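To keep things clear, I will list the structure first and then write my remarks on it.
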Amino acid sequence: QVQLVESGGGLVQAGGSLRLSCAASGRTFSSYAMGWFRQAPGKEREFVAAINWSGRMTDYADSVKGRFTISRDNAKNTVYLQMNSLKPEDTAVYYCATSNTYAYSSPTYYNNWGQGTQVTVSS
């Protein structure tokens, strides 16, 4: 029902910042909770952040708390991930996804996925 396209990834030096965007199509975007996940080579896809339908409730993985911020603009059908103080271990493909239920951290509970955007942090 919702098609997702991530953008904003790229190459950045350690300590820098990036803002990822996830643009969605569909009239029911505001009905979904949203999540960001990432996957590095040889590792499982891991939870990064989640946000409920209104944007007033959020959750973060311990590894990104204080550095990353998830937000959404339902009028623009877009969810964002602001990433500050980036570290080399943040290097991964980042995916956004929809969920019918807020705050589940397992990828199993998400039903629509974007194609991902590569984030590479040097040094």
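Note that the structure is a prediction, hence the values are computed from the model and not measured. Residue numbers count from 1 along this sequence.
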Answer whether the closest heavy-atom distance between the side chains of Asn84 and Phe68 falls below 4.5 Å.
no
Taking the side chain as every heavy atom from C-beta outward, state whether Val119 and Leu20 have any pair of such atoms under 4.5 Å apart.
yes
Mind listing the closest non-hydrogen atom pair of [X] and [Y] along with its distance?
{"X": "Val48", "Y": "Tyr94", "result": "CG2-CE2, 4.4 Å"}
{"X": "Tyr32", "Y": "Val2", "result": "CE1-CG2, 3.2 Å"}
{"X": "Ser30", "Y": "Asn74", "result": "CB-ND2, 3.6 Å"}
{"X": "Thr91", "Y": "Val121", "result": "OG1-N, 2.9 Å"}
{"X": "Ser21", "Y": "Thr78", "result": "CB-CG2, 4.3 Å"}
{"X": "Trp36", "Y": "Tyr80", "result": "NE1-O, 3.4 Å"}

Are Thr98 and Asn111 linked by a side-chain donor-acceptor pair shorter than 3.5 Å?
yes
For atom CD of Glu89, is the number of surrounding heavy atoms from other residues, nucleotides or ligands below 6.0 Å larger than 12?
yes
Does Gln13 have more than 12 heavy atoms from other residues, nucleotides or ligands lying within 6.0 Å of its CD?
no
Same hydrophobic cluster for Phe47 and Ile51, using side-chain heavy-atom links shorter than 4.5 Å among ILVMFWY?
no
Please say yes or no: joined through hydrophobic side-chain contacts below 4.5 Å, possibly via intermediate residues, are Val12 and Val64 part of one cluster?
yes
Between the main-chain N or O of Asn77 and the side-chain N or O of Asp73, is there a donor-acceptor pair closer than 3.5 Å?
no
Closer than 3.5 angstrom, by distance alone: can the side chain of Glu6 be matched with the main-chain N or O of Cys96 as a donor-acceptor pair?
yes
Rounded distance (nearest 0.5 Å) linking atom [atom1] of [X] with atom [atom2] of [Y]:
{"X": "Met34", "Y": "Ser71", "atom1": "CE", "atom2": "OG", "result": "11.5 Å"}
{"X": "Ser17", "Y": "Gln82", "atom1": "OG", "atom2": "CD", "result": "6.0 Å"}
{"X": "Leu86", "Y": "Ser123", "atom1": "CG", "atom2": "OG", "result": "12.0 Å"}
{"X": "Lys43", "Y": "Arg38", "atom1": "NZ", "atom2": "CZ", "result": "8.5 Å"}
{"X": "Arg72", "Y": "Trp53", "atom1": "CZ", "atom2": "CH2", "result": "9.0 Å"}
{"X": "Met83", "Y": "Asp90", "atom1": "CE", "atom2": "CG", "result": "7.5 Å"}

Suppose the criterion is ring pair (Phe, Tyr, Trp, His ring centres under 6.0 Å): which pairs have a residue in residues 95-123, not counting sequence neighbours?
Phe37-Tyr110, Phe37-Trp113, Tyr104-Tyr109
